[in-house]
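Reading through the structure tokens given below for one structure.
As the structure is a computational prediction, the values presented were derived from the model and not from experiment. Lettering follows sequence order; numbering is per chain, from 1.
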Amino acid sequence: MINITLPDGAVKQYEAGVSALDVAVSISEGLARKVLAAKVNDEVWDLSRPINNDASLKLLTWNDVEGKATFWHSSAHLMAEALEAVYPGVKLGIGPAIEKGFYYDIDLGDRQITEEDLRKIEVKMAELAKTNSKYERKDVSKEDAVKYFTEKGDEYKLELIEGLKDGEITFYSQGGFTDLCRGPHIPSTSFIKAVKLTSIAGAYWRGDEKRKMLTRIYGVTFPNQKELDEYVLLLEEAKKRDHRKLGKELELFTFSEKVGLGLPLWLPKGAMLRERLQQFLQKAQLETGYLPVITPHIGHKNLYITSGHYEKYGKDSFQPIKTPQEGEEFFLKPMNCPHHCEIYKAIPRSYKDLPLRLAEFGTVYRYEQHGELHGLTRVRGFTQDDAHLFCRPDQVKDEFKKVIDLVLYVFKSLSFENYTAQISLRDKDDRSKYIGTDENWEIAEQAIIEASAEKGLSTVIEYGEAAFYGPKLDFMVKDAIGRKWQLGTIQVDYNLPERFELTYVGEDNGKHRPVMIHRAPFGSMERFIALLIEHCAGKFPLWLAPTQATVLPISDKYIEYAKRVEQLLKAKDIRATVDDRNEKIGKKIREAEMNKVPYMLVVGEKEMQDEKVSLRKQAKGDIGMKSVNETIELLNEEIESKRAFE
RNA sequence: GCUGUUGUAGCUCAGGGGUAGAGCACUUCCUUGGUAAGGAAGAGGUCGUGAGUUCAAUUCUCAUCAACAGCUCCA
């Protein structure tokens, strides 16, 4: 007999060799029908796999992340089976589950598939799913595995097998389809009740842009049709929040091919929003000891030779600006750090001056790959809410913690609650791409890990994601359709102080090298605002709304009064407008609602008589008649509180 | 940069080998209306750009540019 520990701590005894499915059956029939896979000692297993020793067991259903992943992984196999049926001779790359669904990379040879073909494949998948084929696991020797895929003529699978050790190769089969796979899988195809193949795209084999591009088919499946319908609805809703769409509708920003790709033009309302955000952070930074500086938009070539950026990015970036002076070249600044290093150097620094925190909303230009440009989230000209902290090595951790506080303050103020904090460290194996001593890297990596822990941040560690000059802590936020973007960032840099020969005089009267911390709580104004737009679906909190209130006269007769109310609001720093068009009140309200103006002040005969307005809140409706003064107080209280717009 | 899809009025989109249409927005007039679209008239496009096929191209073919999705990249 063996002991199986369940998640609630209960320990039950079973015969050795019991399967997770047996355990599920012993608990309840209903559970046994729902269960997809099982977590055995923290490893996800097939339900049918025998458990021979004492173990902890968690039964995974559709409600578990791992349950869904298993379901989608099995769906990828089902799609592969359908693809082989529809396109005989298709070669298969890899087909994993992803956050929302799955994909399979395939080589179709000379054939091409279109969106309509996806419908055919969906039908085939549904048909195969109904056959209720079991997913069966089989251990295979390397020799047999190679033989199988050689006969099948699938060079991609053969390449994958090459990287595997004999004795740890498994095949999974369902229906007439067999795939090289570690597993695990759901018990049978009949669990898959609803199928949607979402898109076709190209993807390099093994993510290497020098290798062949395969066709990637994305899909998602569900255990019932209702969930699929809900998912489709959710996607449609998400698309309405897209910052590119809202940016156009709310007249926040635009792009012009004539001005240039990836160079945003901020319209008056967008500029208003952006300036509010900038002032908000500036205030917080002044309170925490940052010193504003201003530097030019270009820098001499020598600046970037010193910084090392010329060598690393010179050819792939905006090309130099020439001057009448023969051989003289300037670059548009791709970052603010070198300029700030020169500010540091302008004056001899003592250990007593540190940390020195130089802050600048600095606009930079980077020639991003054409295919990378994306709304405001990836552009070629953007403004960083940049600052560089020059400090002594013993101050790094403390400074780091202060920056974490600032980033969290910013996120909290804008109610970004669903962020992830990612610590990016060096690649575990390949260390050739990093500069600086192992010792300094160790210190910096430790400082970040400790500072994050002491601040109670729950972080994920990503190896190989560090910048070439130092480790970093990034704050990632998802956009409307689930793509992750980096917003706030804190990076430790031992490189630039070295290259610029920055020093300070220590207590010992000797010269020492400061450590530099790059940090940007927003990341960039552009990207932050993009995510903010999607986060609040264009309904900005009152303190940020470009127009905070609009006065809507019932008819021409009240325009004069409406303008007086507008002036009273403006005198109290409320951004107000008047809709004095010759339109009915219903239409004015409708448009103000669609423009997401937080407050509407309806004025007519009744209001004009005793300095009142009928107040209406966007998405909430009429909230009754109030005096102008009451209204101003109400709005200003909300502005002060920086409340999120509910 | 790579693969695929798309490109018609300011916006959202329909159409289709014989030089174009809707709704919204815009302009003018009527209307002075109390909480999500009042009515009428008008203006607006050589159908992304260039070439080819054709008696004829916005429609077919090729190239190119841009947008979108994904990949690669991201100081």
Side-chain angles (χ1 to χ4, degrees), chain A residues 98 103 105 108 112-115 198-218 239 242 244-245 248-249 251 254-258 261-262 304 307-314 316-317 333-338 364-375 377-380 382 384 465 467-470 472 474 481 483 485-486 489 491 493 495-496 518 523-524 527 552-559 582-595 600-607 614-625:
Chain A
I98 51 176
Y103 67 78
D105 284 347
L108 284 159
Q112 273 209 354
I113 59 168
T114 62
E115 298 278 339
T198 46
S199 68
I200 311 168
Y204 301 111
W205 170 234
R206 307 203 105 176
D208 184 344
E209 68 178 316
K210 293 186 185 64
R211 304 199 62 177
K212 183 163 179 172
M213 184 166 269
L214 306 180
T215 303
R216 176 170 295 180
I217 303 178
Y218 286 89
K239 279 188 189 140
D242 190 312
R244 293 165 297 186
K245 184 175 156 67
K248 193 179 277 177
E249 286 170 4
E251 293 176 11
T254 190
F255 289 92
S256 150
E257 272 184 50
K258 242 177 207 152
L261 302 186
Y304 301 107
S307 73
H309 292 104
Y310 177 77
E311 194 189 353
K312 200 161 169 71
Y313 296 103
D316 302 325
S317 201
K333 74 175 172 189
M335 79 291 299
N336 304 297
C337 346
V364 298
Y365 297 89
R366 297 178 184 177
Y367 194 78
E368 302 291 2
Q369 281 188 35
H370 181 267
E372 269 315 317
L373 300 175
H374 183 95
T377 48
R378 196 77 182 272
V379 287
R380 285 179 173 166
F382 57 98
Q384 294 177 312
E465 289 293 310
F468 71 94
Y469 50 75
K472 55 182 182 166
D474 291 327
I481 64 166
R483 287 175 291 220
W485 297 93
Q486 177 216 97
T489 182
Q491 314 183 358
D493 187 347
N495 174 48
L496 284 182
H518 310 251
S524 82
R527 185 178 287 179
L552 311 178
I554 299 278
S555 84
D556 291 359
K557 285 181 281 187
Y558 316 109
I559 289 180
N582 179 3
E583 294 290 351
K584 287 195 175 176
I585 192 66
K587 179 150 184 166
K588 291 182 183 181
I589 287 173
R590 178 179 158 82
E591 290 191 12
E593 286 281 346
M594 292 198 306
N595 287 326
M600 285 152 259
L601 283 54
V602 177
V603 297
E605 190 63 38
K606 288 177 286 182
E607 291 79 5
S614 282
L615 198 57
R616 184 189 164 98
K617 193 164 182 175
Q618 201 268 341
K620 288 273 153 66
D622 196 356
I623 47 178
M625 206 166 351

C1' spacing across the pair A43(B) / G10(B), given as an integer number of angstrom: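 Here A43(B) and G10(B) have their C1' atoms 13 Å from each other.
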For [N], does the base pair up with any side-chain atom of [X] as donor and acceptor (N or O, under 3.5 Å, distance only)?
| X | N | answer |
| --- | --- | --- |
| Arg378(A) | C73(B) | yes |
| Tyr558(A) | G34(B) | no |
| Ser199(A) | U5(B) | no |
| Ser555(A) | G34(B) | no |

message: Angle between ring planes, Phe468(A) versus His309(A), binned at 30° and 60°: parallel, tilted or perpendicular?
response: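 Ring orientation, 0 to 90° scale: perpendicular.
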query: Do Lys333(A) and Tyr365(A) come within less than 4.5 Å of each other through their side chains, counting heavy atoms only?
result: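 They are not in side-chain contact.
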message: Going by the rule side chain to side chain contact (heavy atoms under 4.5 Å, CB included), which residues pair with Ser614(A) if we only count those two or more places apart in sequence or in a different chain?
response: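 For Ser614(A), the residues satisfying side chain to side chain contact (heavy atoms under 4.5 Å, CB included) (neighbours in sequence not counted) are Val602(A), Glu607(A), Met625(A).
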query: Taking only residues two or more places apart in sequence, or in another chain, which ones meet Lys212(A) in a side chain to side chain contact (heavy atoms under 4.5 Å, CB included)?
result: Asp107(A), Tyr156(A), Leu214(A)
task: Could you provide the dot-bracket string of RNA chain B, using ( ) for intrastrand pairs, [ ] for crossing pairs and | for bases paired to another strand, with Watson-Crick or G-U pairs below 3.5 Å?
output: (((((((..((((....[..)))).(((((.......))))).....(((((..]....))))))))))))....
query: Looking at His374(A), does any N or O in its side chain come under 4.0 Å of the phosphate oxygens OP1/OP2 on A67(B)?
result: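 Checking A67(B) against His374(A), no side-chain N or O comes under 4.0 Å of OP1 or OP2.
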message: Less than 4.0 angstrom between a side-chain N/O of His370(A) and OP1 or OP2 of A67(B), yes or no?
response: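 It does, given that an N or O in the side chain of His370(A) lies less than 4.0 Å from OP1 or OP2 of A67(B).
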message: Under 3.5 Å, is there a donor on one side chain and an acceptor on the other for Tyr469(A) and Gln491(A)?
response: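 On atom types as modelled, these side chains qualify, holding a pair under 3.5 Å.
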field: Spacing of Glu209(A) atom CD relative to G1(B) atom C1', expressed in whole Å
entry: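 It works out to 7 Å between those atoms.
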query: What is the distance from CD of Glu583(A) to P of G34(B), rounded to the nearest Å?
result: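 Checked: the CD to P distance equals 15 Å.
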- prompt: Thinking salt bridges, do Arg244(A) and Asp242(A) make one under a 4.0 Å N-O criterion?
  reply: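 Looking at Asp242(A) together with Arg244(A), the answer is yes, because their closest N to O distance falls below 4.0 Å.
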task: Report yes or no: is the ring centroid of Tyr313(A) under 5.5 Å from the six-membered base ring centroid of A75(B), with the two planes under 30 degrees?
output: yes
